[in-house]
Q: 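Submitted below is the structure of interest, expressed as structure tokens.
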Amino acid sequence: MAKVKVQNYKGTRDFYPEDKRLQKYVFNIWRSVCERYGYEEVDAPMLEPLELYQMKNGANPDMIKDELYALTDKSGRDLVVRPEMTPTVSRMVAARRQELQYPARWYSIPNLWRYERPQKGRLREHWQLNVDIFGQDGLQAVFELLQIANDIVVGLGAETGMYTIRINSRKLVNKLCELLRLCEPEASALMQLIDKKAKMPIEEYDQKFNELVDGDAAMKSLINEFLAATSYDELPEELRNTDEAAELRQLLDSCSDNMMESVVYDPLIMRGFDYYTGFVFEVFNEDLENNRAMLGGGEYDGLVGAMGAEPLPTAGFGMGDVTAIDFMQSQGTLPELWNETDIYFVVLEGSLEAAQAAIRKLRQGPRINVAVDSTYRKLSKCLESADKRKIRYALICGENEVKSGQYQLKDLKTGETFTMDLDKIAQALR
RNA sequence: GCGGGUGUAGCUCAGUUGGUUAGAGCGUCUGGUUGUGGUUCAGAAGGUCGCCGGUUCAAUUCCGGUCACUCGCCCCA
């Protein structure tokens with residue numbers, strides 16, 4: 001028989017206990033922060049009909065062609081393994097448009113798939129926190145999302161200076177294009193150029209920029225002034241007096257009034273060319289070795305309406321588990337993670353039967369997680385094994401303990417040993 | 001889709017200017033007399049040197065191809 005490859009599929013991860021422990025740690029932070037803001041968890045099938053991703057306001061066609069896991073079922077239906085959650089939650093809202101309570105606050109932690117060459121921070125399968133709010137006006141919705149995003153990053157151990165939350169307004173950019181009298185091909189080209197500015201060499205940017213403005217000095221200086229702004233006050237005067245700028249100012253003020261000192265205005269944030277309609281934002285890891293966006297989102301008002309339901313204002317963001325873990329690693333904020341098992345119960349030879357009552361008592365009364373070692377190896381080997389599994393406590397049970405009811409509980413972190421009865425042990429572990 | 005890097009023990013990697021039994025550290029297992037580890041000592045297991053082909057008396061080493069992994073570009077939900 002041919003040997004089966006034991007290696008996992010390209011761009012995916014096997015989660016061994018220590019890996020899953022880390023992922024669960026991240027998920028727990030995500031869940032607890034979302035639920036603190038009244039968000040409810042939802043989920044959906046991993047397979048969706050291809051049409052969901054072919055809508056007008058959806059992702060661009062090249063992406064659909066090249067970067068999806070697509071398949072055909074036995075009845076000839078075209079299916080896709082979900083590459084993102086936003087169309088799915090929009091579909092779910094559209095399906096119950098009339099009966100849901102608004103604002104609807106939802107979050108989910110789906111695994112998502114994209115067919116591309118893996119690289120650092122981007123794999124073929126990852127888990128992504130999605131936080132969405134439906135039916136709330138943009139400004140309030142986005143402010144709430146920014147608070148959640150901030151709390152999550154802080155929950156991951158971030159301190160001021162380790163990250164920035166950068167926000168921009170697509171409406172303000174549209175206003176700029178309007179002032180410049182840019183029509184569709186040029187407006188898109190400008191946005192695309194802004195989006196890529198940080199990534200391309202300055203000479204290349206200058207060349208493309210000059211092509212675009214075509215010698216129009218007034219246009220050039222207006223765009224440059226816009227791009228150089230780091231606050232509302234630095235915006236070009238023509239823009240500063242618009243409703244769009246006022247809304248931006250209000251959002252920035254709300255953030256600074258609420259101690260969110262990592263929020264900054266950044267006119268370069270565009271979030272690609274998908275469905276975003278209003279405010280957009282990204283959280284950046286400011287570690288110089290790993291300076292990249294690790295969370296992104298914004299307002300996407302068109303999607304629910306695009307499914308034939310009555311439109312409603314919508315905003316949301318996503319954050320991947322890979323980038324979240326990379327962030328903690330690059331910033332050194334990972335805590336020591338202990339095994340879910342509380343006690344490694346080491347039974348010495350000859351005492352197994354007598355020990356069962358004690359094991360049962362720990363599990364059933366105080367619900368302590370107990371793993372039994374009845375291998376009868378040398379005691380030192382048993383302790384070592386518990387330590388390697390990252391179990392915090394070992395309990396030793398031999399003849400003496402069974403007789404006296406006094407057990408030895410060893411803290412494998414400190415090496416200290418305590419002698420106590422089972423009730424005291426249960427109490428100590430609370 | 002495009003480009004760079006790397007494939008030798010479970011892991012991290014040495015090494016062979018082509019030559020007979022291929023190495024280290026870590027990890028794993030056993031033991032240092034029978035109930036307290038993570039320090040130490042001794043020992044053991046574990047490798048068709050990614051795969052296929054070419055050159056050669058001889059290839060893990062040179063050449064070609066291929067696959068895999070990895071980093072970057074494109075793209076980014």
Side-chain angles (χ1 to χ4, degrees), chain A residues 3 5-12 16 48 52-53 55 57-69 80-90 110-124 126 128-130 132 192 195-196 199-201 204 270-276 280 282 289-290 292-298 300 303 316-320 322-323 344 346-351 373 375-391 393-402 407-419:
Chain A
K3 241 192 267 176
K5 277 188 212 160
V6 296
Q7 194 170 37
N8 56 307
Y9 172 62
K10 188 199 235 333
T12 64
Y16 287 88
E48 289 281 7
L52 187 64
Y53 304 98
M55 298 189 328
N57 289 325
N60 84 47
D62 291 343
M63 231 146 66
I64 289 172
K65 200 172 66 210
D66 300 329
E67 297 182 11
L68 293 179
Y69 276 88
V80 163
V81 183
R82 62 186 173 194
E84 57 166 329
M85 198 58 175
T86 305
T88 298
V89 289
S90 300
N111 58 334
L112 307 176
W113 288 76
R114 47 197 170 194
Y115 197 98
E116 64 176 350
R117 292 187 62 161
Q119 50 194 284
K120 194 173 184 192
R122 288 197 85 189
L123 302 176
R124 287 185 169 181
H126 73 136
Q128 188 184 62
L129 170 68
N130 273 258
D132 294 284
Q192 195 157 22
D195 193 34
K196 305 225 159 119
K199 280 187 165 185
M200 62 172 65
E204 190 185 340
M270 285 289 165
R271 304 268 327 129
F273 266 91
D274 38 34
Y275 32 63
Y276 291 109
V280 286
E282 290 181 352
E289 302 287 304
N290 198 13
R292 57 160 68 207
M294 53 177 176
L295 179 157
Y300 55 100
L303 267 190
F317 71 79
M319 176 183 217
V322 181
T323 43
Y344 197 65
V346 180
V347 181
L348 301 179
E349 193 153 12
S351 300
D373 184 324
T375 59
Y376 308 138
R377 290 174 291 181
K378 282 169 64 174
L379 182 52
S380 62
K381 298 291 177 194
C382 296
L383 295 176
E384 212 176 298
S385 180
D387 193 52
K388 293 216 166 102
R389 298 163 204 257
K390 294 296 287 182
I391 296 174
Y393 297 98
L395 188 152
I396 294 139
C397 178
E399 250 178 278
N400 302 340
E401 285 76 12
V402 171
Y407 296 82
Q408 291 188 51
L409 186 72
K410 190 178 180 84
D411 183 336
L412 293 170
K413 183 177 183 172
T414 63
E416 291 172 289
T417 304
F418 309 91
T419 304

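Every chain is numbered from 1, with letters handed out A, B, ... down the list of sequences. Only heavy atoms go into these numbers, but all of them, side chains included; no hydrogens, no water, no symmetry mates.
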Q: In chain order, what residues pass the salt bridge (Lys or Arg N to Asp or Glu O under 4.0 Å) check against A:Arg122, with sequence neighbours excluded?
A: A:Glu116

Q: How far, in whole Å, is B:rA59 from B:rC49 if one measures between their P atoms?
A: 12 Å

Q: Using ring-ring contact (aromatic ring centres under 6.0 Å, His included) as the criterion, list what pairs up with A:Tyr69, not counting sequence neighbours.
A: A:Trp113, A:Tyr115

Q: How would nucleotides 25-35 of chain B be written as a contact map, 5' to 3', with B for base contact, S for sugar-phosphate-only contact and - for no contact, using protein heavy atoms under 4.0 Å?
A: ---S------B

Q: Could you identify the nucleotide paired to B:rC51, looking across every strand shown and requiring Watson-Crick or G-U wobble geometry with both distances under 3.5 Å?
A: B:rG65

Q: For B:rG43, which nucleotide is its Watson-Crick or G-U wobble mate, given both distances must be under 3.5 Å?
A: B:rC29

Q: Send over the distance from A:Trp113 CH2 to B:rC76 C1', rounded to a whole Å.
A: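 My rounded result for the distance is 18 Å.
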
Q: What distance, rounded to whole Å, do you find between the two P atoms, one in B:rG53 and one in B:rU40?
A: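 Each nucleotide's P atom is 47 Å from the other's.
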
Q: Salt bridge (Lys or Arg N to Asp or Glu O under 4.0 Å) with A:Glu48: which residues, sequence neighbours excluded?
A: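 By the salt bridge (Lys or Arg N to Asp or Glu O under 4.0 Å) rule, A:Glu48 matches A:Arg91.
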
Q: For B:rC2, give the paired nucleotide (Watson-Crick: N1-N3 plus N6-O4 or O6-N4; G-U: N1-O2 and O6-N3; both under 3.5 Å), or none.
A: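 Here B:rC2 is engaged in a pair, and the nucleotide opposite it is B:rG72.
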
Q: Give, for atom OG1 of A:Thr88 and atom CG of A:Asn130, the distance between the pair rounded to the nearest 0.5 Å.
A: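 So the gap between those two atoms works out to 9.0 Å.
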
Q: Summarise how protein sits on nucleotides 69-74 of chain B as a single string, 5' to 3': B when a protein heavy atom is under 4.0 Å from the base, S for sugar-phosphate-only contact, - for no contact.
A: SBBSBB

Q: Using the P atom in both, what is the distance from B:rG4 to B:rA42, to the nearest Å?
A: 48 Å

Q: Work out how far the C1' atom of B:rU8 is from that of B:rU16, and round it to whole angstrom.
A: 11 Å

Q: Applying a 4.0 Å non-hydrogen cut-off, can you work out what A:Gly415 is touching in the nucleic acid: base, sugar-phosphate, or nothing?
A: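 Base, at least one base atom sits under 4.0 Å.
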
Q: Looking only at non-hydrogen atoms, find the nearest pair between A:Pro118 and A:Lys10 and report the distance.
A: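 Closest approach of A:Pro118 to A:Lys10, heavy atoms only: CG-CG, 4.1 Å.
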
Q: Looking at residues at least two apart in the chain, or sitting in another chain, which of them share a salt bridge (Lys or Arg N to Asp or Glu O under 4.0 Å) with A:Asp387?
A: none

Q: Rounded to whole Å, please give me the gap between OH in A:Tyr276 and C1' in B:rC76.
A: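 A:Tyr276 atom OH is separated from B:rC76 atom C1' by 11 Å.
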
Q: If I take atom CG from residue A:Leu379 and atom CD from residue A:Glu384, how far apart are they, to the nearest 0.5 angstrom?
A: 11.0 Å

Q: Considering every strand shown, what is the Watson-Crick or G-U wobble mate of B:rA58 when both distances are under 3.5 Å?
A: none

Q: Name the nucleic acid region contacted by A:Leu412, choosing base, sugar-phosphate or nothing; use a 4.0 angstrom heavy-atom cut-off, strictly under.
A: base

Q: Suppose you measure atom C1' in B:rA22 against the same atom in B:rA9; what distance do you get, rounded to whole Å?
A: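 The answer is 11 Å between these two C1' atoms.
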
Q: With sequence neighbours excluded, tell me which residues meet salt bridge (Lys or Arg N to Asp or Glu O under 4.0 Å) with A:Lys413.
A: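 If we apply the salt bridge (Lys or Arg N to Asp or Glu O under 4.0 Å) test to A:Lys413, skipping adjacent residues, the hits are A:Glu336.
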
Q: Should A:Leu412 and A:Lys410 count as side-chain neighbours, where that means a heavy-atom distance under 4.5 Å?
A: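 A:Leu412 reaches A:Lys410 side chain to side chain.
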
Q: Take atom CE of A:Met319 and atom C1' of B:rC76, then tell me their distance rounded to the nearest Å.
A: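 Checked: the CE to C1' distance equals 17 Å.
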
Q: Counting only Watson-Crick or G-U wobble pairs whose two distances fall under 3.5 Å, which nucleotide matches B:rU20?
A: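 Looking at the geometry, B:rU20 pairs with no nucleotide.
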
Q: Does B:rU34 pair with anything, Watson-Crick or G-U wobble, both distances under 3.5 Å, and if so, with which nucleotide?
A: none

Q: Quick one: A:Asp132 CG to B:rA77 C1', roughly how many Å, whole number?
A: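 Rounded to the whole Å, the gap is 12 Å.
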
Q: So, using ring-ring contact (aromatic ring centres under 6.0 Å, His included) as the criterion, who are the partners of A:Tyr393 when residues are at least two apart?
A: none

Q: Can you measure A:Arg389 atom CZ to B:rG37 atom C1' for me and round it to whole angstrom units?
A: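 It is 14 Å, rounded to the nearest whole Å.
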
Q: Using the P atom on both, measure B:rU70 against B:rC76 and round to a whole Å.
A: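 It works out to 23 Å between them.
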
Q: Using the C1' atom as the reference point in each nucleotide, state the distance between B:rU60 and B:rU56 in Å, no decimals.
A: 15 Å

Q: To the nearest angstrom, how far is A:Tyr53 atom OH from B:rA77 atom P?
A: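 Those two atoms, OH and P, are 15 Å apart.
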
Q: Starting at atom CG of A:Asp373, determine the distance to atom C1' of B:rG37, rounded to an integer number of angstrom.
A: 13 Å

Q: Nearest whole Å is fine: how far is B:rC75 P from A:Met270 CE?
A: 16 Å

Q: Between B:rA24 and B:rG1, how far is it from one P atom to the other, in whole Å?
A: 43 Å

Q: Got a sec, which residues hit side chain to side chain donor-acceptor pair (under 3.5 Å) with A:Asn111, two or more places apart in sequence or on another chain?
A: A:Arg82, A:Glu125

